[in-house]
Each structure stands twice: as C-alpha cells, then as structure tokens.
Amino acid sequence: MDSSPAHQATPPVSDRETRATIIVCVSCRDASGSDAHPRAGEKLAEDTRRAAAGAPVEIRTVECLGNCKRRLSASILSDGAWSYVFGDLAEDCGADLVAGARLLSGADDGLMPWRGRPDSLKRGLVARIPPLTILKDRP
C-alpha cells in the first residue's frame, strides 16, 4: 500500500463526528495535460486536507474518478444523503470542497443547498447521485 501523503486518508475528528467524506482524484492532471509529479490532483488533495484540518470531514483519495474531460475532480459523500461529483476544479479549491461537505452534512433533506455553495461547486457539478435508501422498487 502506498503511504505517501497523497494516498493517506485524513483521520476523522471522531467516527461519530465525521458527517461527510471528500474523495479527491489524485491522478488528475493540470490543464496542460502534464504528466509531472506531483500531479494537480495530488495538490488538490493536499489543499483539501489543509482546509479540513479539525473539521468533521474525512479526506480520501482515489486513483481515478473517470471524469478526465473535466480535469481536476472530486466527490462529496455523506451517509443517507445525495452524493456529488465535481470537475473543472483548481488546485486551490480545497476550502470550497470542505464548504460543500459542511453544507451537505448540515442539510436535513440530504441535498447540498445551492445557496451558499461556492462558485466552483456550482459551475463544476458533474452529477448528483441519490442515496439507495430513497430509490423505489420497480413495479
């Protein structure tokens, strides 16, 4: 297992307090498509970790979210809530991702409110995925 900083999960403040998880794609490249390391995704993951310091948000990484046409990508998940995938992010959008995670974890209806959402999360929305608990059975 890779134990480099880009591949380590940020430990939650406590398991009970963690209400949202941000997953950052560390294999994403910058706009130039450069294969240089650290990759832009790794830089975004580190910026997100700094922004989340002490917050009830867990930061995880993945090698690929499959959203390469939208460059830097991340997702925000919370138990019982809708999950969100974002693209076209910048290396310094960590604070925006943490703000989005806080909005989602505080939403009674499981939907990240549009009001108060950082612009990068408004423009960069790729998908909103419902929690399995609200899906209805087929007739």
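Keep in mind that what you see is a predicted model, and the values were worked out from it rather than measured.
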**Message:** Test: salt bridge (charged side-chain N to carboxylate O under 4.0 Å, His left out). Region: residues 66-77. Which pairs qualify, not counting sequence neighbours?
**Reply:** Arg70-Asp88
**Asked** Taking all non-hydrogen atoms of both residues, which atom of Ala90 and which atom of Leu72 are closest, and how far apart?
**Response** C-CD1, 3.6 Å
**Request:** Supply the atom-to-atom distance Ser75 OG to Arg128 CZ, rounded to the nearest 0.5 angstrom.
**Result:** 15.5 Å
**Item:** Pro131 to Gly80 - nearest heavy-atom pair and separation
**Value:** CG-O, 3.8 Å
**Nearest-0.5 Å distance, CD1 of residue Ile22 to CZ of residue Phe86** = 9.5 Å
**Prompt:** With no hydrogens and no angle check, is any side-chain donor or acceptor of Arg117 less than 3.5 Å from a backbone partner on Met112?
**Reply:** yes
**Prompt:** Does the side chain of Cys93 reach to within under 4.5 Å of the side chain of Leu44, using non-hydrogen atoms?
**Reply:** yes
**Message:** Side chains of Pro38 and Lys43, heavy atoms from C-beta outward: is any pair under 4.5 Å?
**Reply:** yes
**Request:** Start with the C-alpha gap between Tyr84 and Val126, add the side-chain angles, then the distance that decides, and say whether side-chain contact (heavy atoms from CB on, under 4.5 Å) holds.
**Result:** CA-CA 8 Å; Tyr84 291 80; Val126 172; over 6 Å; no
**Item:** Other residues, nucleotides, ligands: >12 heavy atoms within 6.0 Å of Leu132 CG
**Value:** no
**Nearest heavy atoms of Pro118 and Ala99, plus distance in Å** = CG-CB, 3.9 Å
**Message:** Determine whether Val85 and Ile129 satisfy the following criterion, side-chain contact (heavy atoms from CB on, under 4.5 Å), listing intermediate values before the conclusion.
**Reply:** CA-CA 8 Å; Val85 179; Ile129 304 159; 4.2 Å; yes
**Results of side-chain hydrogen bond (donor to acceptor under 3.5 Å, both in side chains) for Ser78 - residues two or more places apart only** = none
**From Glu91 atom CD to Asp47 atom CG, the distance as rounded to the nearest 0.5 Å** = 9.0 Å
**Prompt:** Atom CG of Leu104 and atom CG of Leu121: how far apart are they, to the nearest 0.5 Å?
**Reply:** 11.0 Å
**Item:** Flag side-chain contact, heavy atom, 4.5 Å: Arg50 against Ile59
**Value:** no
**Message:** I'd like to check the side-chain hydrogen bond (donor to acceptor under 3.5 Å, both in side chains) partners of Arg39; sequence neighbours left out, ordered by chain and number.
**Reply:** Asp35
**Item:** Audit row: Glu46, Val24, side-chain contact (heavy atoms from CB on, under 4.5 Å) steps and yes/no
**Value:** CA-CA 9 Å; Glu46 188 56 37; Val24 179; over 6 Å; no
**Request:** Work out which heavy atom in Cys25 is nearest to a heavy atom in Cys28; give both atom names and the distance.
**Result:** SG-SG, 3.3 Å
**Item:** Shortest non-hydrogen separation from Ser105 to Ala20 and the atoms involved
**Value:** CB-CB, 4.2 Å
**Item:** Joint hydrophobic cluster, Leu77 plus Leu89, side-chain heavy atoms closer than 4.5 Å
**Value:** no
**Item:** Joint hydrophobic cluster, Leu135 plus Trp82, side-chain heavy atoms closer than 4.5 Å
**Value:** no
**Message:** Is there a path of hydrophobic side-chain contacts, each under 4.5 Å between heavy atoms, that joins Leu97 and Leu103?
**Reply:** yes
**Asked** Heavy-atom distance under 4.5 Å between the side chains of Val98 and Thr48, does that happen here?
**Response** yes
**Message:** Could you measure the distance from the CD1 atom of Ile76 to the OG atom of Ser83? Nearest 0.5 Å is fine.
**Reply:** 10.0 Å
**Asked** Can you name the nearest heavy-atom pair linking Arg19 to Gly106, along with the distance?
**Response** NH2-N, 4.4 Å
